[in-house]
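First the structure, in the form of structure tokens, and then the observations on it.
As a basis for the values below, the full set of heavy atoms in this structure was taken, side chains included, without hydrogen atoms, waters or symmetry mates.
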Amino acid sequence: MRKIGILSTSSIAPRFIAAVREEGSFQITALSSRTQEKAEEKARAWDIPKAYGSHEALLQDKDVDIVYISAVNSAHYKWAKAALLAGKHVICEKPCTTTEAQTRELFALAKARGLFLMEAQKMLFLPAVLAAKQAIDQGRLGKIHMAEFNHSFYGSYNNWMYDEAAGGGPLLSSAIYVVELLQFLFGCKIAQIDGICTKHPGTNVEEQYTLSGRMENGVLFSLKNSTVALLKNGAAIYGEKGYVELPDYWKARKVIFCDHTETVTEEYPCDHELRYEVAHIADCFEKGLLQSPVVTGEFSAAAIAALESVKAKW
């Protein structure tokens, strides 16, 4: 059984740990934080045998095969690269990095060293999302023409959300869901994207924004995201014959199909939504793959490139 080390005691780490334990293919053996005190506190709370007061120490642990990185956005590149150079397989929380160039560099490094690298994007493996994709692929909605997305959360949930140096802001944290969901559902890249934002007071970081764009297949999309206004969270994909809704699409537990005659709701309850992603990763290791066939290096690079182009205009 391959052993995972948790790099960073962030808020998503315990959810990943719970999913790994529920899925059962891997063992969590160590974690690291920026201080020994914090590392030991979390190791006790999460029942993890070894605690390191630095990320460097975790990477030196010969008993760790895979490193799961959940540090702040701007630190993903640094620690993913360090882990690969230390000979570790890497699972890196989304966004993989904050630039296309960094993402491509990491995947090239992983390939050169014969190591697995994947951007963790739980949403793409959720049964509700897969049901929506199947309906689209089978033509249940007819030709798809438009899609819209709404997502709101309070920025205080992470103390670095409005810290530019940490890669803060809802664009990197939330729009990556939409871009990658669009790529996944339609099997193509964004052809055009633009938007406007308002900045958090006293910072150069957006607190809310609207985006609109066009996929390579002609589908038009729009996205609203706010950390200051409460939105009706969800996604809707519109076709000639009807539409499909995904409430809370980034953690969807149900999918709603609507046409001219009826509305059908399919429920997919689960305790740990990351378990489907973990099962996919386990399958990749079982097959000896160095990349996920779903979240490839090209997939991740194309997604962050789209957001990078938006951010550059702001």
Side-chain angles (χ1 to χ4, degrees), residues 93-98 100 103 118-152 169-197 206 209-226 231-240 242-252 255-257 273 276-277 280 292-311 313:
E93 265 305 325
K94 54 83 191 167
C96 184
T97 75
T98 58
E100 178 187 9
T103 298
M118 176 179 152
E119 176 186 19
Q121 183 51 280
K122 62 176 183 180
M123 172 189 59
L124 305 183
F125 305 98
L126 298 175
V129 171
L130 295 179
K133 178 170 174 55
Q134 182 181 54
I136 291 169
D137 290 346
Q138 293 179 347
R140 180 173 174 179
L141 307 175
K143 181 177 174 58
I144 304 300
H145 289 281
M146 301 190 77
E148 63 178 347
F149 305 84
N150 296 304
H151 184 186
S152 62
L171 186 75
L172 290 178
S173 295
S174 298
I176 190 70
Y177 282 123
V178 171
V179 172
E180 294 189 337
L181 180 55
L182 287 166
Q183 290 182 171
F184 176 69
L185 290 178
F186 303 122
C188 62
K189 300 176 184 177
I190 287 177
Q192 183 180 353
I193 187 170
D194 209 341
I196 56 175
C197 73
E206 74 282 351
Y209 57 81
T210 63
L211 301 181
S212 60
R214 174 176 55 85
M215 301 300 293
E216 289 177 334
N217 66 351
V219 172
L220 298 181
F221 65 87
S222 63
L223 161 63
K224 296 193 294 290
N225 186 206
S226 180
L231 307 181
K232 182 181 179 182
N233 294 331
I237 315 297
Y238 299 101
E240 294 170 321
Y243 61 92
V244 56
E245 294 182 343
L246 285 165
D248 294 333
Y249 53 90
W250 63 95
K251 57 180 181 180
V255 57
I256 304 168
F257 297 101
E273 77 264 23
Y276 303 105
E277 170 187 80
H280 173 76
S292 159
V294 177
V295 193
T296 64
E298 184 60 36
F299 183 94
S300 294
I304 197 61
L307 298 185
E308 198 178 359
S309 70
V310 172
K311 204 165 186 66
K313 297 173 185 177

Task: Side-chain (Glu240) to main-chain (Lys143) donor-acceptor, under 3.5 angstrom - done: yes
Open item on the list: So, taking the atom named CG in Leu246 and the one named NZ in Lys133, what distance separates them when rounded to the nearest 0.5 Å?
Closed with: 13.0 Å
TODO: Working to the nearest 0.5 Å, report the span between CG of Leu185 and CG of Leu182.
DONE: 6.5 Å
- [ ] List for me each residue that meets ring pair (Phe, Tyr, Trp, His ring centres under 6.0 Å) alongside Phe221, sequence neighbours excluded, and say none if there are none.
- [x] none
Task: Working for side chain to side chain contact (heavy atoms under 4.5 Å, CB included), residues Ile304 and Cys96 - done: CA-CA 8 Å; Ile304 197 61; Cys96 184; over 6 Å; no
Task: Under 3.5 Å donor-acceptor, Glu308 side chain and Glu100 backbone - done: yes
TODO: Go through the steps to decide whether Phe125 and His280 satisfy the test ring pair (Phe, Tyr, Trp, His ring centres under 6.0 Å), and finish with yes or no.
DONE: CA-CA 8 Å; Phe125 305 98; His280 173 76; 4.4 Å; yes
Task: Student check: side-chain heavy atoms of Ile193 and Ser212 closer than 4.5 Å - done: no
- [ ] For the pair Tyr249 and His151, name the ring-plane relationship: parallel under 30°, tilted 30 to 60°, perpendicular over 60°.
- [x] perpendicular
- [ ] Please examine the side chains of Met215 and Ile190, heavy atoms only from C-beta on, and report whether any two atoms are closer than 4.5 Å.
- [x] yes
- [ ] Look only at the side chain of Gln183 and the backbone of Cys188, and say whether a donor-acceptor pair between them is shorter than 3.5 Å.
- [x] no
Open item on the list: Using modelled atom types and a 3.5 Å cut-off, is there a donor and acceptor pairing between side-chain atoms of Ser309 and backbone atoms of Ala306?
Closed with: yes
Open item on the list: Pairing donors with acceptors under 3.5 angstrom, does anything connect the side chains of Gln121 and Tyr177?
Closed with: no
- [ ] Please round to the nearest 0.5 Å and tell me the distance separating atom OH of Tyr243 and atom CD of Glu148.
- [x] 10.0 Å
Task: Euclidean distance, Asp194 CG relative to Thr210 OG1, rounded to 0.5 Å - done: 9.0 Å
Task: Glu206 side-chain N/O to Leu171 backbone N/O, donor-acceptor pair under 3.5 Å - done: yes
Open item on the list: How long is the straight-line distance from OG1 of Thr98 back to CG of Leu307, given to the nearest 0.5 Å?
Closed with: 11.0 Å
- [ ] With rounding to the nearest 0.5 Å, note down the distance linking CD1 in Ile176 to NZ in Lys94.
- [x] 8.0 Å
Open item on the list: Does Lys232 have more than 12 heavy atoms from other residues, nucleotides or ligands lying within 6.0 Å of its NZ?
Closed with: no
- [ ] Take Val294 and Phe184 through the test side chain to side chain contact (heavy atoms under 4.5 Å, CB included) and record every step on the way to the result.
- [x] CA-CA 8 Å; Val294 177; Phe184 176 69; 3.9 Å; yes
Open item on the list: Under a 3.5 Å cutoff, is there a donor and acceptor pairing between the side chains of Asn225 and Ser152?
Closed with: no
Open item on the list: Can you tell whether the side chains of Lys122 and Glu273 come within less than 4.0 Å, N to carboxylate O?
Closed with: yes
